[in-house]
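Below is one structure, written out as structure tokens; comments come after it.
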Amino acid sequence: MTSKATACILCSQNCGITIEQNESGQYTRILGDKAHPISEGYLCQKATRLNFYQDQARVTSPMKRKEDGSFEEISWDQAIKEIAEKLVDIRDTYGGTSIAYVGGGGQGNHLGGTFGAAFRAACQTRYIYSALAQEKTGNFWVNGHLFGRQNLNYCEAVGEAEYVLIIGANPVQSHGIPKARPTINELSRNKNRTMVVVDPRNTETAKKADIFLQVRPGKDAFLLTALLGVIVQEELEDKSFLTDKTTGFEAVKPHFLQIDVAQFCSIAGVSEEDVRKVARGIASASTFAIRSDLGIEQSHNSTLNAYLSRLLFLITGNFGKEGTNTLHTNFIPVIGHSKEPEAGGLTTQVTGMKGIAKLFPPGILPLEIDTDHPKRLRALVVDSSNPVANYPDTHAQRKAYAKLDLLVTIEVAMTETAVLSDYVLPAATQYEKMEATFFNLEFPKNFFHLRHPVSKPLANSLDEPEIYHRLATAMGEVPASFPLLAAIARVDRKFPRLRLFPLALAMTLSIRPKWKKYTLFVLKETIGKALPHSYSKVASLVWIGAHRYADRYPEAVRRTGLKGKGYRLGEALFNKILNSPSGTLISEHTQEEGWNLIRHKDKKVHLEIPEMLDWLDKLTEVEAEERELYKQYPFNLMAGERRSYNANGILRNPEWRKKDRIGQLKINPADAELLGVATGDTVRCSSRVGVIQIQTLVTDDIPEGTLSMPHGYGYSYPGEANDEVLGVLPNLLTDLRDCDPLAKTPYHKNVRVKLEKV
Ligand SMILES: Nc1nc2c(c(=O)[nH]1)N[C@H]1C(S)=C(S)[C@@H](COP(=O)(O)OP(=O)(O)OC[C@H]3O[C@@H](n4cnc5c(=O)[nH]c(N)nc54)[C@H](O)[C@@H]3O)O[C@H]1N2
Ligand SMILES: Nc1nc2c(c(=O)[nH]1)N[C@H]1C(S)=C(S)[C@@H](COP(=O)(O)OP(=O)(O)OC[C@H]3O[C@@H](n4cnc5c(=O)[nH]c(N)nc54)[C@H](O)[C@@H]3O)O[C@H]1N2
Ligand code: SF4
Ligand SMILES: [Mo]
């Protein structure tokens, strides 16, 4: 028996775990890792089933799809050579803009996707489509205006604030905050703290709330505006904070002064009395924090919701201090900042969509591919993502991908996207290689967890950085190895004080400027190769990350107990991370340093965003139009609920679920009675683009006219009885047209459907 420290990869929290293995390598016991600096031993029920990830049906060899749709196993050499030739051909004929990169990391793996940047350089493309751009890009766009850069994200002090508003999130099931269940329980029990939950559904979290505002689906913008209306009209704003720390309040104020609070509450379906009470509660609390997620991101007015929810904590002065929402530093950033098109920012070739935070929204992929436009997308390279199943409108995604000249999928499993691909490349699982996520977003203390492998890699699988490097080499862009630099790196690891390697690297790159964009590959084969284990080559990324982080925030890094400055501090931080298998603290900031992160020159938050204020003024008009549009579809389906046993598409074997094996559709008793259905009956559910059949679960937790189904179900898995797929893919119902006008984030929580009994 052995026991190794690593992390759970089933949600962005990445709780520390220890995995016990028997002699044959099977995972026999999974426990919370008490040494992990954030989760401190906490686990939810999903983590103990991670053996279903490691032991799943795998892609075991590179595969090439034949004319008849079946696959043949081919060698790595053949796969790399053929894919590289095709990429070069497409790139040189149609330009790099005809190639896009999709995914690049899920809930547990961001090292591989980061190396993807060097691979994209070889393809000459800057198009990245990712799941993040179907949830958070509205937030990022608003952050860009408020704080000066789209990659300035904030964390939410749910564990500390006196008054907490949870809107469109169900942390008891979906987590999204450290140690969610004990954190929510404490908030709920503590008489000096208040928890308000805004959700159309009486969720596991709502049941613990002091005040539950059961909003109508998709009407949060009205509720948030009403809250802001009360605050502004009753002059409850924090005037000194607004003067000292922000600009633009005078321009924002009139839009809320004119709001008819009673009317907005009525559209939102909540009592005016409760809304007034909450507005006053927020304004008078010593500290207030908001936690929001998909419920307001994947629904109507998504980008506006992002703006309004931020105004709520900004206008009341609850920002940038302990117990509120605060900006955080990024050890290694997952996102960037995109300029607006007018300022030269990149747009897509067919629909002209702008990038936000350097990402493009999955919902436009079919439109960029399935067209006769000469500049259409012709090749996709997919990594750690299953767009056919998980991106909006499975039918449209599938149809579009058939039109591609090249589809390559890098995967551990034979997904719905892999089976359509020209080539499928087998990746090592996240427990077979060194991995990390960059979702560690805490402030003022931040941590990082570089995970060492638990199991030996499956024979014939490779890690993603290796795949990308081999492809770029075969494309004739960059050598496979750098012997001289590698030798210098070995000496540098022994005598880092001499700073030999950074000097040699700088010299090499000035002699060979073409290699600059492939620096990540160069580092992997030099400083990475000089590290103690063969698997730690990819830690070269963490090496450069640690140096940059220590350079930028030396004081904060030293507060964790590390000594030195400059290169020495960077080395100390890197060594600490490399030698902390359970993760480690990397920085300890002061609140004042948080304010320095703001990128506007005046270091103030700029409250006025004209596009958002225009949108706000048209809110009631648009609402009326929407009601008309969806008249024939009386039900609002929330397509993608987080439950006890779903974890995106990471666990495909349905055996992993201890309950809710098929992912039932929740329906209110009154609606069920009208339809004549009881729990366990099957209904036909149709939207504008698709029809599914699904089993019902009759429950009071869901209001009349509203339905809820989980995502993460409906994947094929070899060996299932009669090859029958258990559960249903929600994206069989979702419609590309139903999306936010600005960020193009899909309305997965507001899918309009009709129901019939089968
Ligand atoms: N168990 C489990 N946990 C997960 C995941 C998983 O697959 N399974 N996935 C992870 C990922 S990738 C993500 S992004 C997060 C998402 O985490 P969450 O966003 O917290 O999870 P959801 O259940 O999708 O939606 C949150 C809530 O929004 C509510 N909602 C629906 N429509 C509306 C609306 O119009 N207004 C409001 N106010 N609320 C609405 C739903 O009823 C639900 O309770 O979860 C992560 N955690
Ligand atoms: N209708 C509807 N659709 C949704 C949602 C919803 O609520 N409703 N939720 C959306 C959200 S928030 C998200 S985040 C997305 C997620 O959708 P995707 O971006 O598709 O991500 P996952 O489902 O997590 O799929 C991850 C894939 O990575 C593979 N994988 C696991 N480990 C590795 C590895 O080490 N290397 C490689 N190369 N592959 C690996 C897994 O087999 C899996 O197929 O789904 C979205 N889709
Ligand atoms: S799924 Fe549960 S155990 Fe795993 S990281 Fe998320 S909260 Fe932690
Ligand atoms: Mo997500």
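Read the numbers this way: they start at 1 and go in the same order the structure lists the ligands and their atoms. Small disclaimer: the values here were computed from a predicted structure and weren't measured.
Taking only nitrogen or oxygen atoms, main chain and side chain alike, Gly218 reaches within less than 3.5 Å of ligand 1.
When ring centroids are compared, His175 and Tyr42 come within the 6.0 Å threshold. Proximity of the aromatic rings of Phe439 and His110 is defined here by a centroid distance below 6.0 angstrom, and this criterion is met.
Remark: the Glu432 side chain and the Gln54 side chain contain an N/O donor-acceptor pair separated by less than 3.5 Å. One side chain, Glu416 or Asn386, offers a donor N or O that lies under 3.5 Å from an acceptor on the other.
Judged by the shortest distance from any of its heavy atoms, Gly712 lies outside the 4.0 Å radius around the atoms of ligand 1. At a 4.0 Å cut-off, at least one heavy atom of Pro217 sits close enough to ligand 1 to count as contact.
The shortest contact between atom 26 (C) of ligand 1 and any protein heavy atom is with Gly168 O, 3.4 Å. The protein atom (non-hydrogen) at minimum distance from atom 12 (S) of ligand 1 is Asn648 ND2, 3.2 Å.
Proximity annotation for atom 3 (S) of ligand 3: of Gly16, Ser12, Cys44, Cys44 comes nearest, heavy atoms only.
Ligand 1 places these atoms under 4.0 Å from at least one heavy atom of Glu135: 14 (S). Taking a cut-off of under 4.0 Å to the non-hydrogen atoms of Gln173, the atoms of ligand 1 that pass are 1 (N), 2 (C), 3 (N). Of all atoms in ligand 1, listed by their number and element, those nearer than 4.0 Å to a heavy atom of Thr203 are 44 (O).
Residue-level proximity to ligand 3 for Ile17 is absent, since no heavy atom of it falls below 4.0 angstrom.
Between Arg688 and Asp738, at least one side-chain N (NZ, or NE/NH1/NH2) sits under 4.0 Å from a carboxylate O, which counts as a salt bridge.
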